[in-house]
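Before any comments, here is the structure.
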Amino acid sequence: MPKPRVIYWFRTDLRLHDSPALRAALDLKPECLYLIWTWDPHYVYRARVGPNRWQFLLDCQNDLSKSITKLNSKSKLFLIREAPQTLLPKLFKAWKITHLVFEKDTDAYASERDSKVMELAKEAGVEVVVRMGRTLYDPDELVKENKGKPTMSITQVQAAGSKIGDIARPIPAPKSLPDPGDTTLDFEQDKPTQDPDINAKQRDADEGSYNALSGPNGDFAVPTMEELGLKPATTPHRGGETIALKMLDDIIANEDYTATFEKPKTAPTAFAPQATTLLSPHLHFGSLSCREFYWRVQDVVSAYKGKASQPPTSLTGQLLFRDMYFGAQASLGYSFGQTYNNSHCRFIPWHLPSTIDTSTSLITGSYQIDSAQANQYFIRWREGRTGFPWIDALMRQLKLEGWIHHLGRHAVACFLTRGGCYVDWERGAEVFEEWLIDHEAACNIGNWQWLSCTAFYSMFYRCYSPIAFPKKWDKNGLFVKRYIPELANYPAKYIYEPWKAPIADQKKCGTLVKGDGSTSEDREGKFKTYPKPMFDFPSQREKCIQGMKNAYHIGLYGNDKKVLDGTWRELFSDGAEGPTGGVDELPGAMVREEATGEEDIGEQKVPKDAEVTKKGAKTSTTKAGHKRDASQGTLDNMVTRKKKK
DNA sequence: ATACACGTTGTTAGT
DNA sequence: TACTAACAACGTGTA
């Protein structure tokens with residue numbers, strides 16, 4: 001019987017340590033093993049990826065390739081510049097492949113892509129071997145053990161996980177690797193269409209990575225930032241398994257830190273060093289295995305003499321949240337990434353809603369400007385010019401370094417959505433997708449839903465203040481001063497609310513609080529400037545909470561008929577408190593046509609114990625005089641739940 | 001049916 | 001400094 005000729009296809013597993021799929025490939029005892037990466041135009045042109053994450057990916061690939069060559073001087077990471085769907089069938093033939101091996105990926109695009117590839121392999125008579133390795137538990141299994149439903153709470157994950165069984169111990173890295181076979185590519189390259197290039201703005205030169213299948217030198221090398229035409233990275237954080245394992249060693253060496261870690265007690269304002277591990281980008285690219293991390297930590301915790309922290313706040317608990325989001329994504333597919341058509345995401349009539357392609361029910365990547373003011377809020381938030389130093393420092397750190405502390409993400413996400421700007425969480429998620437070096441679709445989407453109180457979490461009245469919250473961690477504002485040099489001379493008293501500083505003090509500090517933040521111009525004569533706050537936070541917060549309360553009572557989810565067909569507007573047109581402002585200023589613009597008012601309202605959810613309060617009666621004065629069905633009566637008024645106790 | 005505890009990470013004013 | 005209660009109040013799971 002001929003020995004197997006195997007392609008190992010690297011994707012989100014850029015490592016040699018603890019790779020169950022790579023182990024499976026080696027267990028085939030192949031005659032030759034091709035270790036490849038397919039340069040997928042979906043990632044190059046269609047996913048939002050900024051220069052910092054590009055750099056991290058290239059770092060990981062170069063490091064892996066070097067490690068491979070150390071084990072076998074004839075081998076490396078063979079990077080081939082074509083989409084996997086067209087490339088792999090040609091490789092099967094050219095290289096006489098018998099087996100294709102890769103790690104399972106449950107991301108919406110990835111699972112679609114892999115189904116197609118498996119189909120093509122079957123046609124070519126190539127056996128496919130898939131192993132789970134990206135998460136602690138196989139997301140599909142997790143969902144199955146959760147009664148087939150998406151994992152929406154950490155207790156569900158723990159219950160389902162315990163049914164699956166113990167988390168596997170890490171597999172050591174291989175000590176040797178088989179030779180690759182002949183690497184001649186005697187076929188034409190299918191060049192992708194660049195348009196639409198969602199990453200055009202990331203480039204300052206032409207994208208040119210598809211010049212030849214095996215690269216400009218024919219050596220299958222990893223492309224450079226220059227080949228991709230990308231602007232240079234600005235992040236200090238670098239990728240690669242070598243760095244990841246060293247970082248893990250350093251963390252594990254500190255037993256107290258490892259065993260007593262409690263996420264809510266780590267300071268989002270710490271920057272030298274940061275308060276958390278910075279391992280998230282390595283988990284994303286697979287330059288570190290989550291099981292390697294889990295067991296290295298768990299062994300320290302088991303041997304720890306003092307009182308160790310527990311999930312979910314402990315270090316291993318962080319991995320459970322990751323698994324929770326992967327489970328939700330695996331179950332919900334593309335709809336997980338948006339409100340529209342999402343059965344588990346609440347509908348809130350945010351400003352700047354996504355435009356929907358009604359033929360696919362998917363968001364298009366662009367959005368509708370229903371409010372010029374909200375759009376200005378959004379731009380100022382994104383560019384770090386809101387006039388709230390805590391928010392601006394975080395957003396500037398994010399743009400520059402591609403990483404901010406988890407609680408910092410909470411602060412800016414709450415501020416953009418339910419606790420400030422009342423802007424759609426999908427806008428924020430897109431910015432994070434572009435800028436984060438650790439962007440993990442499942443976790444990013446899940447966390448934005450969490451913070452916007454549209455899924456996973458619901459206590460919208462718990463709202464982060466851009467002044468009180470950072471004070472708790474950094475009384476002197478050192479974090480703000482690092483990322484906003486204009487405020488470097490401001491005293492602690494005014495550092496989170498510089499607009500309160502008297503003009504004389506502002507002049508003494510060399511920076512005037514002036515302007516609406518519409519440009520990055522920050523000089524006026526001999527003074528620097530820093531923008532005025534874009535709104536009064538306490539009153540804006542109050543409006544948002546009222547808007548959330550109203551939307552919660554109406555109780556629509558993303559897959560509700562009224563959301564899908566646009567008739568949700570009827571429910572919000574009267575008495576809708578909050579920044580959306582009722583009939584005169586319709587909230588959101590999710591669909592292409594106005595509501596007809598003739599739709600069935602049978603699915604409407606009315607709280608059983610709803611009653612009209614004094615406050616509600618006051619705000620519910622009908623302005624437009626719409627004719628209403630009887631069942632909508634209670635909704636037209638501001639209803640509230642009966643107070644318990 | 002109803003009550004109650006709980007939920008990774010709020011804020012403010014008190015002790 | 002470290003805790004607590006009140007604030008006004010969400011959904012889910014369990015008893």
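Here is how names work: the chains are called A, B, and so on, in the same order as the sequence lines, proteins then strands, and each is numbered from 1. Everything quoted here is computed from the prediction, not taken from an experiment.
- Taking the ring centroids of A:F336 and A:Y325, they lie at or beyond the 6.0 Å cut-off.
- Within the 4.0 angstrom heavy-atom criterion, only backbone atoms of the sugar-phosphate kind lie near A:I154; the bases stay farther away.
- Atom P of nucleotide C:dA9 and atom OH of A:Y552 are separated by 13 Å, given to the nearest angstrom.
- Residue-level contact check: A:R346 touches the backbone only, with heavy atoms under 4.0 Å from sugar-phosphate atoms and none from bases.
- Here C:dG13 sits opposite B:dC4 as a Watson-Crick or G-U wobble pair (both hydrogen-bonding atom distances under 3.5 Å).
- Comparing the P positions of C:dT14 and B:dT8 gives a spacing of 14 Å, expressed to the nearest Å.
- Distance check on atom P: B:dT9 versus C:dT1 gives 24 Å, rounded to whole Å.
- Across all strands shown, C:dA8 forms no Watson-Crick or G-U wobble pair with both key distances under 3.5 Å.
- In this structure, the ring of A:Y377 has its center no less than 6.0 angstrom from the ring center of A:F388.
- For the pair A:L319 CG and B:dT8 P, the interatomic distance rounds to 16 Å; values are reported in whole Å.
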Summary of protein contacts for nucleotides 9-15 of chain B, nucleotide by nucleotide, where a base hit scores B, a sugar-phosphate-only hit scores S (4.0 Å, heavy atoms): BBSS---
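- Within a 6.0 Å sphere centred on NZ of A:K163, heavy atoms belonging to other residues, nucleotides or ligands number more than 12.
- To the nearest whole angstrom, the two P atoms, one in B:dT2 and one in C:dA9, are 22 Å apart.
- For A:H405 and B:dT8, the NE2 to P distance is 17 Å, given to the nearest whole Å.
- Residue A:M152 contributes atom CE, which lies 17 Å from atom C1' of B:dC6 at whole-angstrom precision.
- The side chain of A:Q156 places an N or O atom within less than 4.0 Å of a non-bridging phosphate oxygen (OP1 or OP2) of C:dG13.
- If you take CD of A:Q158 and P of C:dG13, they are 14 Å apart, rounded to a whole angstrom.
- Of the residues in residues 271-280 of chain A, none lies under 4.0 Å from DNA chain C by heavy-atom distance.
- Ion pairing between a basic and an acidic side chain is recognised when a charged N comes within 4.0 Å of a carboxylate O; A:D18 and A:R296 show no such pairing.
- Across the protein-nucleic acid pair, A:I554 atom CD1 and C:dC10 atom P stand 14 Å apart, rounded to whole Å.
- There is a side-chain donor-acceptor pair under 3.5 Å between A:E440 and A:H284.
- With 3.5 Å as the limit, one finds no donor-acceptor pair spanning the side chains of A:T339 and A:R346.
- With hydrogens and angles left out, the side-chain atoms of A:S280 and A:D438 include a donor and acceptor closer than 3.5 Å.
- Contact of the A:F271 side chain with the A:D474 side chain is not registered, since no non-hydrogen atoms from C-beta on lie closer than 4.5 Å.
- Using a cut-off of 4.0 Å between Lys/Arg side-chain N and Asp/Glu carboxylate O, A:R382 and A:E430 are scored as not salt-bridged.
- Atom pair A:N550:CG and C:dA8:P shows a separation of 19 Å (rounding to whole Å applied).
- Atom CG of A:D166 has 12 or fewer heavy atoms from other residues, nucleotides or ligands within 6.0 Å.
- If you take CZ of A:F460 and C1' of C:dA9, they are 7 Å apart, rounded to a whole angstrom.
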